[in-house]
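This report concerns only the one structure given below.
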Amino acid sequence: MGEWMSLEFGWRALTHISQIDESTYGKTIKVGGWIEDIRNLGGIAFIQLRERDGVLQVTTIKKESEELFKKLTSLSRESVIVVEGKVQENKEAKRGFEILPDQVEVLSEADTPLPLGVADKVGAELDTRLDNRPIDLRKPKENAIFKIRSVLIEGIREYFMKEKFVEIHTPKIVAAGAEGGATLFPIQYFGSDAYLAQSPQLYKQMLMSSGFERVFEIAPAYRAEKSDTTRHIAEFTSLDVEIAFVKSSEDVMDCAQELVRDAIEHVSENAKDELGLFNVELEIPEIPFKRITHKECVEVLKEKGEGLTPEDDLDTVGEKLIGEVMKERHGIDFYFITEFPTAIKGTTFYAMRKSEDPSLTGYFDLGYGGLELVSGGQREHRYDVLVNQMKENNMDLESFDFYLIAFRYGMPPHGGFGLGIERFLQKMLNLSNIRECVLFPRDRSRLVP
RNA sequence: GCCCCCAUGGUGUAGCGGCCUAUCAUCCGGGCCUGUCGAGCCCGGGACACGGAUUCAAAUUCCGUUGGGGGCGCCA
């Protein structure tokens with residue numbers, strides 16, 4: 001026992017609400033948590049103690065132990081305590097039982113007033129909440145987002161393991177970017193210029209020549225885009241996938257849709273309680289997802305009065321409109337937008353173009369209710385063609401030789417995609433701001449905490 | 001980078017140039033109360049982002065600064 005404590009406990013010694021049932025009634029247990037509220041009625045007081053799995057009630061009676069009563073009722077909200085006491089069945093308690101304390105250890109007293117209310121009736125703005133994120137995350141709903149996120153990642157990993165993918169980790173400090181210099185964060189690297197990786201694109205492709213055949217990575221990606229929207233952050237978590245021996249972009253889409261379906265199914269089965277805090281009906285989408293070509297999208301938008309030419313990329317309004325149209329006409333949330341024109345994907349030098357019509361690529365986006373969730377397609381694996389496409393982009397071939405080496409000595413046809421984890425979560429839980437899905441978000445104006 | 005909007009106690013808000021030493025709720029402190037569960041009741045505490053300007057008079061109007069929100073562009 002530590003000399004600073006009088007009540008012995010340990011990380012596995014505490015009982016959680018989810019473990020308490022009729023069989024526990026009458027037994028003495030230890031619980032630990034944060035004091036959410038104290039309802040002091042004078043001779044009796046009810047402490048609402050919030051722990052990992054919810055809020056339980058500790059009831060203290062003055063005439064039974066004035067010392068314990070005073071100790072408990074004088075504490076500030078959000079102070080951390082451990083209580084040893086008997087589980088008492090009581091129909092008047094919300095959970096059907098309450099804890100009658102024998103011993104109380106105050107582990108940490110909370111300062112007052114709180115920078116934002118955890119159990120208050122008034123809300124707080126996102127900015128205030130993010131400034132005080134550790135406290136904000138105590139709120140069951142904010143907390144649940146990250147439990148769901150964890151379950152989502154678990155589901156994703158489960159799918160890839162089942163399909164014999166290898167989980168990889170590529171460098172986040174790089175010498176060159178895959179998507180042009182404007183969105184790279186420059187850093188100093190022992191006296192050389194380096195950048196934070198905006199995508200593992202080049203590396204996952206290189207590994208296709210190494211014989212891994214199927215790889216995936218879940219890792220941060222950095223974009224110095226001067227975007228200030230509810231769906232952009234400077235540091236996000238990217239799921240990247242690359243598959244060798246694909247016959248076309250179709251194979252890549254097959255993988256993406258299976259993954260999305262399985263991941264949603266996994267979340268809906270394994271995060272029921274947490275999902276219940278959000279007003280969402282999580283529907284497991286049916287595969288195959290509908291496919292609509294980019295050209296068809298443009299036509300639909302023209303129908304709707306949006307003036308776009310086939311060379312135009314879909315703008316934000318267009319994306320949202322397509323999402324609405326797919327919902328109205330087909331009742332679906334997920335759909336592939338396929339055959340992106342080469343003109344649009346021009347800077348994506350590694351995209352394979354259609355041999356029968358080089359003005360088109362096999363590249364696709366996966367739309368999720370108007371949000372761009374996935375982007376991918378078959379890559380160009382033929383060395384000469386790839387080099388030509390890089391030349392079109394005025395790229396310095398020498399500085400990309402580390403990449404081209406992989407293509408010179410035996411590279412199978414391959415393709416892959418990238419998926420934004422936060423966007424997936426945001427849309428799934430219908431959250432208005434992507435920052436809600438990141439513990440400590442980084443954006444143009446936020447670097448702390 | 002562009003366009004629009006906002007800034008009042010710890011938190012969230014009300015506030016017509018003079019009725020404002022500023023509203024309400026929450027919160028914080030004190031008191032009463034043995035079944036609360038949005039606990040209740042009584043008493044008390046705490047704020048006009050900053051710098052200029054207009055005016056007899058500015059929380060309120062104007063300009064700038066800083067901070068924030070929404071949209072666009074770009075994208076995951």
Side-chain angles (χ1 to χ4, degrees), chain A residues 36-49 55-64 69 73-74 76-78 88 90-96 98 110-132 135-136 179-180 182-183 198-201 218-241 256 313-320 344-345 347-348 365-368 371-376 417-427 432-435 437-438 443-446:
Chain A
E36 195 164 281
D37 196 16
I38 299 167
R39 295 199 245 284
N40 185 355
L41 275 66
I44 188 170
F46 305 98
I47 316 298
Q48 308 302 318
L49 191 70
V55 179
L56 53 75
Q57 178 163 284
V58 177
T59 303
T60 172
I61 296 165
K62 196 181 201 171
K63 74 175 187 205
E64 285 184 8
F69 185 90
T73 55
S74 64
S76 55
R77 281 174 159 210
E78 296 302 316
Q88 168 99 20
N90 192 325
K91 294 206 170 57
E92 285 174 282
K94 219 169 197 173
R95 293 194 176 263
E98 59 195 1
D111 230 340
T112 59
L114 295 164
L116 59 86
V118 176
D120 287 11
K121 295 159 196 166
V122 295
E125 282 188 10
L126 185 60
D127 198 53
T128 307
R129 291 174 39 210
L130 292 176
D131 282 341
N132 300 281
I135 296 139
D136 179 54
E179 311 187 13
T183 67
Q198 60 194 177
S199 159
Q201 181 63 33
I218 299 170
Y222 302 90
R223 302 275 165 94
E225 289 159 356
K226 287 176 180 161
S227 305
D228 231 336
T229 79
T230 54
R231 72 207 111 86
H232 287 90
I233 34 180
E235 179 183 59
F236 68 98
T237 306
S238 179
L239 164 67
D240 276 274
V241 177
D313 202 354
L314 308 181
D315 55 19
T316 305
V317 178
E319 270 175 24
K320 284 180 185 163
I344 294 170
K345 291 288 177 188
T347 55
T348 310
D365 277 357
L366 172 58
Y368 183 5
L371 187 73
E372 192 178 320
L373 178 66
V374 169
S375 193
F417 62 88
L419 177 153
I421 295 290
E422 287 87 3
R423 284 194 175 180
F424 199 6
L425 241 195
Q426 182 189 2
K427 202 75 190 174
S432 60
N433 197 314
I434 195 168
R435 291 161 182 78
C437 302
V438 186
D443 61 33
R444 269 177 87 182
S445 55
R446 184 173 286 279

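Convention: sequence-line order gives letters A, B, ...; per-chain numbering from 1. Note that these values count all heavy atoms, side chains included, but never hydrogens, waters or copies made by symmetry.
- Nucleotides of RNA chain B nearest to A/L419 and A/F46 differ in position, and the one nearer the 5' end is that of A/F46.
- For the OP1/OP2 pair of B/G70 and a distance below 4.0 Å, the side-chain nitrogens and oxygens of A/N433 include at least one atom meeting the criterion.
- Pairing of B/G29, defined by two Watson-Crick or G-U wobble distances under 3.5 Å, is identified with B/C43.
- The phosphate of B/G38 (OP1 or OP2) has a side-chain N or O of A/K94 nearer than 4.0 angstrom.
- Pair assignment for B/C48 gives none, since no Watson-Crick or G-U wobble pairing has each distance under 3.5 Å.
- A salt bridge links A/R39 with A/D37: the closest approach of a Lys/Arg side-chain nitrogen to an acidic carboxylate oxygen falls below 4.0 angstrom.
- Between A/R446 and A/D131 there is a salt bridge, since a side-chain N of the basic residue sits under 4.0 Å from a carboxylate O of the acidic one.
- Base pairing annotation: B/U36 forms no Watson-Crick or G-U wobble pair, as no partner gives both donor-acceptor distances under 3.5 Å.
- Separating the P atom of B/U26 from that of B/C43 is a span of 14 Å, rounded to the nearest Å.
- Of the nucleotides present, none pairs with B/A58 by Watson-Crick or G-U wobble criteria with both distances under 3.5 Å.
- For B/C2, the paired nucleotide is B/G71, the pair qualifying as Watson-Crick or G-U wobble because both relevant distances are below 3.5 Å.
- An OP1 or OP2 oxygen of B/A76 is reached within less than 4.0 angstrom by no side-chain nitrogen or oxygen of A/R423.
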